[in-house]
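Note that the coordinates shown come from a computational prediction; the quantities given were computed from them, not determined experimentally. Every chain is numbered from 1 and lettered A, B, ... according to where its sequence line falls, protein lines coming before strand lines. Every heavy atom of this structure was used, including side-chain atoms; hydrogens, water molecules and symmetry mates were not.
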Amino acid sequence: MLQDTIRDIITKAVAALTEHGAFPDVEIPAVEIMRPQVAAHGDYSTNVAMKLAAALRSVGLPGTPRALAETIATEIREMVAVVPAYDLVTAVEVAGPGFINLRLGERWLLRQTADVLAAGAGLGAVDVGRGTRVNLEFVSANPTGPVTVANGRGAFLGDALGNLMHAAGYDVTKEYYFNDAGGQIDQLGFSMERYCRFILGEPVFCQIDDIENEAAPEVVKPSARFQKGKGGGDSAPAQTAAKPRKPRGYYDPYYESVAERLLMRDGGALLEGPATEGGPALGKAAADIIMRDIQDTMRRMNVEFDVWFNQASLAPSGEIEAGIKALRDGGYLEERAGAVWMKSSQLGDDQDRVIIKSSGEPTYITSDIAYMRNKFERGFDQLIFILGPDHHGYIGRLKATAAMLGHDPERVHVLIYGNVALKVGGRTMRMGKRLGNAVTLDELDDELGADVTRFFYLMRANETPLDFDLELARKQTSDNPGLSVQYAHARASGVFRKAEERGIAPDQYAEADPLALANDRPDELAAELNLLRELLRLEEVVERAAATHEPHLLTAYGMALAEAYHLFYDTCPILKAGSDVPRDVQMARLRLMAAARAGLARTLHLLGMDAPERMEREAAEAVAHASPAE
RNA sequence: GGCCCUGUAGCUCAAUGGACAGAGCACUGGUCUUCUAAACCAGCUAUGCGGGUUCGAUUCCCGCCGGGGCCGCCA
């Protein structure tokens, strides 16, 4: 990595000086490399002289940061002049309170065009992961309803993070855990039975009253069909402050469609079995349908999973028992008031947890234990959980569970993302399945398309709340920065189409000498070098985004790369009519543009987006016509 | 009450303890007979409050104020 070479140079220079006794005998601080925010400060910067000065001062020795910086800078200058591998640095300056700033050479930068192109689809790949086996679990929404805008955030975060970690050298398995067991499935069955009987024409209307007795009216919104005969009409949502009680079952037009499919598939046979009271069989069958819906949604959003894991598979395989036994053998279980508790609080959890109720039934926690044990047994070195904002209490419990299973809790990483709210008509509304106003990911996809939706989600830092302004996103599609990145790629593709029309074949510029650009006008050269700097930065972005689990760094990079590309495009003509570009410059720019296009494509693919060859402009015009300036 | 996240430009958000706090949108001007103007250029405005650590704090620590969330023998 470029950054490693820079670090190497500085470290070696300091070490050489220390060896020659240039510094008194103090502990040499670790070298930190920074990317200055201001271009005038060079490409890389280090504060090692200031750290060294502080170390000297602490033992009563003299030495100002700037003087030390000058000494180190002189050594670096000598090294880069002599060592061929260090020829990338051409300028070393001391600035400010004692920074040492390094600048990459223009000719060296221009030559990197070849490296970027040679990297191809592996551009930006690094190997900090060294094959570490990572299990990345995300979404894991319950199969009791469609994926919503809220829990959909995990889908994009997980998918993009998986891509990033893969590029950073990790062996990543992306996994979805279906909670297709337990009381919620029985509840699903309960409402399925009602819907099925309703569809079959059985008199179940009276049961609406049951529902409404169980929850505040605004919580339950049965479909219009289900509601007919009530004559209630649509009353304005009450401004209730009271927390509504959870209704038994799930009611919303979506569930009616599930019931319809259930009936088509099983012909209502499940309704007649003796075991339908409470609806476990119906619930399981409905969950199967919903799971397929969720998988369809994920496919539509281009979110890929390697493993779809079913909670229901754990009990038959004996893994639940094995998990409980593992905790018991570890001495972590205790009986209290007829229930079995795990003593997780001694391992950092907020509290102890019941794992077997006094009724003898296991809680869902036993499944979680068995599932984590299953993951470790599959040989994963790291487990990453991407969870919604209401799950922060899981962090301690999951880590404690790992510890109780005999693993280092540091191998468990829990990433909690921020709340998602929809902005409609300038008002932000909270959503939730239980508030009955959840917007699904499919609906968002219909409105905006998978790529725009994804970019919008990935622009924010994980923990930042996401206010999804649907109207703005819909109306301003053409201004969406994500599309700007795709447009940059499409624009580059257009140039190559044009080149082909002019009879310029790829092999004519494949070997072009990039140094032909060294004599360009200053503004042209600046745009070209700026573009190369951005392209070379991708590996640093990949490394950091993977290490910190922050895919939004890549979207920010994508915008910066697109901006650098657009500036290059506008400043440096190649085939533009009326431009008088020498042949060798033309070829070198085509080669550079090929590198830029590769970088844009790679960035888009890492984000999980398409890199389009062309983009139509109708959409933008339609928007312009739809909202004429007043 | 305990715990988690959060407060940066008019709005939505960035900023591995660094130098002059950046983008996008919005707004105001300028660039198309030209490789796609879905672009480019110029301009405007910000770290909630008070302490502390540090050569240096948006970042780390403490307190206050404000916003969101979680604290079941539900899953």
Side-chain angles (χ1 to χ4, degrees), chain A residues 32-38 40-41 45 47 50-51 53-54 57 64-65 95-99 101 142 144 179 181-185 187 246 311 336-341 350-351 353-359 361 363-365 367-368 388-396 416-419 421 423 430 459-461 463-467 469 472 476-481 483-484 486-488 490-499 502 540 544 547-548 552-553 555-556 559-560 562-563 565-567 569-579 589 593 614-617 619-621 623:
Chain A
E32 287 176 50
I33 307 288
M34 287 159 302
R35 303 283 312 223
Q37 292 184 357
V38 184
H41 296 156
S45 170
N47 60 1
M50 289 181 281
K51 293 286 184 197
R57 194 177 337 102
T64 66
F99 291 104
N101 297 333
N142 292 343
T144 53
N179 287 85
Q184 58 186 347
I185 300 301
Q187 290 217 2
K246 188 179 157 191
Q311 179 185 358
R336 261 180 251 162
V340 178
W341 296 67
D350 296 338
Q351 53 190 271
R353 314 274 176 179
V354 171
I355 66 164
I356 299 174
K357 303 180 210 172
S358 47
S359 66
E361 279 180 281
T363 67
Y364 73 99
I365 291 178
S367 296
D368 286 359
D390 51 341
H391 288 71
H392 77 254
Y394 279 43
I395 302 173
I416 304 284
Y417 57 82
N419 225 341
K423 242 168 133 179
R430 289 183 46 231
M459 277 199 299
R460 269 78 171 183
E463 290 155 352
T464 303
L466 176 66
D467 285 347
D469 191 331
L472 195 71
Q476 301 191 332
T477 291
S478 60
D479 294 325
N480 188 294
L483 288 190
S484 175
Q486 288 185 316
Y487 178 58
R491 252 182 154 185
S493 302
V495 175
F496 291 109
R497 277 196 300 275
K498 190 101 180 176
R502 301 269 180 92
E540 288 169 26
R544 212 186 126 209
T548 59
H552 80 280
L553 297 173
T555 47
M559 286 190 270
E563 194 179 334
Y565 172 80
H566 287 307
L567 181 58
Y569 179 94
D570 284 332
T571 311
C572 305
I574 300 174
L575 305 171
K576 202 170 176 177
S579 61
R589 283 184 182 165
M593 189 169 284
R614 58 177 82 226
M615 289 173 79
E616 305 305 327
R617 211 180 304 171
E621 285 168 359
V623 168

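By the 6.0 Å contact criterion, CZ on A/R614 is open, its count of non-hydrogen atoms from other residues, nucleotides or ligands being 12 or less.
Note on A/A490: a base of the nucleic acid sits closer than 4.0 angstrom, heavy atoms only. Looking at heavy-atom distances under 4.0 Å, A/G393 makes no contact with the nucleic acid at all. Within the nucleic acid shown, A/H552 comes within 4.0 Å of sugar-phosphate atoms alone, with no base atom in reach, counting heavy atoms only. Among the heavy atoms of the strands lying under 4.0 Å from A/L575 is at least one base atom, whether or not backbone atoms are also near. A/H566 comes within contact range of the sugar-phosphate backbone alone, with a heavy-atom separation under 4.0 Å but no base atom that close. Among the protein residues, A/A339 comes within range of the nucleic acid bases, having at least one heavy atom under 4.0 Å from a base atom. Across all strands, A/S45 comes closer than 4.0 Å to base atoms (heavy-atom distances). Among the heavy atoms of the strands, none lies under 4.0 Å from A/Y417. Here A/A499 lies out of heavy-atom contact (under 4.0 Å) with every strand. Here A/I365 lies out of heavy-atom contact (under 4.0 Å) with every strand. Nucleic acid contact class of A/P465 (heavy atoms, under 4.0 Å, all strands): sugar-phosphate only. Among the atoms of the strands shown, none is found under 4.0 Å from any heavy atom of A/A488.
The gap from the P atom of B/rG72 to that of B/rC60 amounts to 30 Å, rounded to the nearest Å. Between B/rU58 and B/rC49, the distance separating the two P atoms is 11 Å to the nearest Å. Taking atom P on both B/rU45 and B/rG22, the two are 13 Å apart, rounded to the nearest angstrom. Here the separation of B/rC61 from B/rG7, taken at their P atoms, is 13 Å to the nearest Å. Comparing B/rU53 with B/rA15, their P atoms sit 28 Å apart, to the nearest whole Å. Going from the P atom of B/rC11 to that of B/rG48 covers 13 Å, rounded to whole Å. Atom name P, nucleotides B/rA19 and B/rA57: the rounded distance is 10 Å, in whole Å. The separation of B/rC4 from B/rA9, taken at their P atoms, amounts to 26 Å, rounded to a whole angstrom.
Look at A/Q37 and you'll find a side-chain N or O under 4.0 angstrom from OP1 or OP2 of B/rA19. In this structure, A/K498 reaches the B/rC35 phosphate: one of its side-chain N or O atoms is under 4.0 Å from OP1 or OP2. Distances shorter than 4.0 Å separate some side-chain N or O of A/R57 from OP1 or OP2 on B/rC55. Residue A/R35 places no side-chain N or O under 4.0 Å from the OP1 or OP2 atom of B/rG18. Contact check, A/T464 against B/rC5: no side-chain N or O comes under 4.0 Å of OP1 or OP2. When the side-chain nitrogen and oxygen atoms of A/K51 are compared with OP1 and OP2 of B/rG18, none of them lie within a distance under 4.0 Å.
The nucleotide B/rC64 finds its pairing partner in B/rG48, both defining distances of the Watson-Crick or G-U wobble pair being shorter than 3.5 Å. Shown here, B/rG43 forms a base pair with B/rC27; the pair counts as Watson-Crick or G-U wobble because both key distances fall under 3.5 Å. Pairing of B/rU33, defined by two Watson-Crick or G-U wobble distances under 3.5 Å, is not identified with any nucleotide. In this structure, B/rA57 makes no Watson-Crick or G-U wobble pair, since no nucleotide meets both defining distances under 3.5 angstrom. Both distances falling under 3.5 Å, in either a Watson-Crick or a G-U wobble arrangement, place B/rG22 opposite B/rC13.
Side-chain contact between A/E563 and A/S484 is absent, with no heavy-atom pair separated by less than 4.5 Å. Annotation: side chain of A/T464 is not in contact with side chain of A/H552 (no heavy-atom distance under 4.5 Å). With a 4.5 Å cut-off on side-chain heavy atoms, A/Y569 and A/R491 count as touching.
Each of A/Q351 and A/P97 has a nearest nucleotide on RNA chain B; the 5'-most of these lies closest to A/P97. Comparing A/E361 and A/P389 along RNA chain B, the residue whose closest nucleotide (by nearest heavy atom) sits nearer the 5' end is A/P389.
Stacking between A/F99 and the base of B/rA19 is present: ring centres sit under 5.5 Å apart and the planes differ by under 30 degrees.
Side-chain atoms of A/S358 come within donor-acceptor range of the base of B/rC73, with a qualifying N/O pair under 3.5 Å. Within 3.5 Å, a donor on the side chain of A/N47 pairs with an acceptor on the base of B/rG18, or the reverse.
A donor-acceptor pair under 3.5 Å links the side-chain atoms of A/Q184 to the main chain of A/N179, judged by distance alone. The backbone N or O of A/V354 lies less than 3.5 Å from a partner atom in the side chain of A/T363, making a donor-acceptor pair. Side chain of A/R502 to main chain of A/L575: a donor-acceptor pair is present (N/O by atom type, distance under 3.5 Å, no hydrogens or angles).
Closest approach of A/P65 and A/M50 over heavy atoms only: CB-CG, 3.9 Å.
Residue A/I356 contributes atom CD1, which lies 13 Å from atom P of B/rA75 at whole-angstrom precision.
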